[in-house]
Structure formats: structure tokens, C-alpha cells
Amino acid sequence: MLALWNWGSYLLSGDIPYLELPGTARDGSFRSGRAYVSQYFKGTQFNDTELELRFPIMRNKFLSGVAFGSMQSANDEHGTKLFQKFQPGYGAGLRVLFNKATRTNLALDYAFGRYGARGFFLNLNETF
């Protein structure tokens, strides 16, 4: 299965308080941009697009795998415009199925990004 997700926030006018700026992992479930820590990239305009390939490892789908990639873009105070510079991230992970009826699973991902960013990300259920 191939899954695609896009999350963006675009300020057209006015101001946003600094601590409320959209950015990495500021979506509703705090899971966007798995290669970076929360708020690593932020701006008044922000976009995150992620693509994930999901595949079963075991026939009963108790264990599955994923490979994913993401691209983030944000404007900043130095004059960089939205979609002018992109921050890539990529990684792979495993899914352990707990309940087949509700499709509840444990997500174990390891991701890499620019500037030496990398990390292990643990979640319950799918990222998107």
C-alpha cells in the first residue's frame, strides 16, 4: 500500500505568536516530519508532504514494514520563501499488530534528516 499525506498552514495576513507557529510535528497528532524533533523547522507558512510504502512481512499481518520519505518547507525571517528550500527526511520501520479488528498497532520507526538529524520514533497506530 502506498500512502500520501500533506499538511500545511499558510498565514495570509496578521500575526501568529512565536510559540504557536506551524512547524515540524505541530499537526493534530504531533507526528509530521519524523526525521526531526518538534518545531525543528517552523514559520508563518509551513508545508509537510510525506509518502509511505507499507508492506506485510508475515502473512497474518502481525508484523509489517514501512519505508517513508518526507519533504518540509517553511518561510523564515531571513527572507526564505515557502517552497524555496526543502528539508528532506527518510527512514524505515516496523508495525506490530495488536488488534486486527481495530487495526491497532505499535509503530517503530527510525528516520534520518539533514544536519545530522536522526532518531527513533515510537507511536501507537499509523502516523497517517
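Bear in mind the structure is a predicted one, so any value in this text is a computation, not a measurement. Heavy atoms only: backbone and side chains are in, while hydrogens, waters and symmetry mates are out.
At most 12 heavy atoms of other shown residues, nucleotides or ligands fall within 6.0 angstrom of atom OH in Y18. The environment of CZ in R114 is crowded: more than 12 heavy-atom neighbours from other residues, nucleotides or ligands sit within 6.0 Å.
Atom OG1 of T49 and atom CG of N6 lie 3.5 Å apart (nearest 0.5 Å). Atom NZ in K61 sits 12.0 Å away from atom CZ in R54 (nearest 0.5 Å). Note that CG of D76 and CG of L21 are 11.5 Å apart. Values are rounded to the nearest 0.5 Å.
In the hydrophobic clustering of ILVMFWY residues, with side-chain heavy atoms under 4.5 Å counting as a link, M71 and Y10 come out together. Side-chain heavy atoms closer than 4.5 Å link hydrophobic residues (I, L, V, M, F, W, Y) into clusters, and following such links, even through other members, never connects W5 to L2. When the side chains of ILVMFWY residues are joined at heavy-atom separations under 4.5 Å, either directly or via intervening members, M58 and L106 end up in a single hydrophobic cluster. Y90 and Y115 fall into different hydrophobic clusters, defined by Ile, Leu, Val, Met, Phe, Trp and Tyr side-chain heavy atoms under 4.5 Å apart, directly or through other members. Under the 4.5 Å side-chain heavy-atom criterion for grouping Ile, Leu, Val, Met, Phe, Trp and Tyr, V66 is not connected to L53 through any hydrophobic cluster.
The closest donor-acceptor contact from the side chain of N123 to the backbone of N125 lies at 3.5 Å or more, if one exists at all. The closest donor-acceptor contact from the side chain of S73 to the backbone of K85 lies under 3.5 Å. A donor-acceptor pair under 3.5 Å is absent between the side-chain atoms of D109 and the main chain of F121, judged by distance alone.
The side-chain heavy atoms of Y36 and Q72, taken from C-beta on, include a pair separated by under 4.5 Å. Put simply, the side chain of W7 does not reach to within 4.5 Å of the side chain of E50, judged on heavy atoms. P22 places none of its side-chain heavy atoms less than 4.5 Å from the side chain of L11. Counting heavy atoms from C-beta on, the side chains of L97 and N60 never come closer than 4.5 Å. When side chains are defined from C-beta on, E77 does not count as touching T44, because their heavy atoms never get closer than 4.5 Å.
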**OP:** Carefully, step by step, assess R26 and F46 under the rule side-chain contact (heavy atoms from CB on, under 4.5 Å).
**Re:** CA-CA 10 Å; R26 291 293 293 181; F46 180 82; over 6 Å; no

Original post:
Does the pair L108 and F120 meet the rule for a side-chain contact (heavy atoms from CB on, under 4.5 Å), with working shown?
Top reply: CA-CA 7 Å; L108 309 159; F120 176 72; 3.7 Å; yes

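Between T24 and D48, the side chains place no donor N or O within less than 3.5 Å of an acceptor N or O (distance only, hydrogens not considered).
Of all non-hydrogen atoms in G23 and S32, the two that sit nearest each other are O-OG, 4.2 Å. Across all non-hydrogen atoms, the minimal contact from F55 to A67 is CE2-N, 4.3 Å. The nearest pair of heavy atoms linking A117 to A35 is CB-O, 3.6 Å. Annotation for S64 and P56: closest pair OG-CA, 3.8 Å, computed over non-hydrogen atoms. Across Q39 and K42, no two heavy atoms sit closer than the pair NE2-CD, 3.8 Å. Of all the heavy atoms in L82 and N47, the pair that sits closest is CD1-N, 4.0 Å.
A cation-pi geometry, defined here as NZ or CZ lying under 6.0 Å from the six-membered ring centre and within 45° of its normal, holds between R34 and F68.
Using the six-membered ring where Trp is involved, F86 and F83 have ring planes that are tilted, between 30° and 60° apart.
With respect to E52 and R31, no salt bridge is recorded, no charged nitrogen being found less than 4.0 Å from a carboxylate O.
Just one of L63, N105, T104 meets the side-chain contact (heavy atoms from CB on, under 4.5 Å) condition when paired with V96; it is L63.
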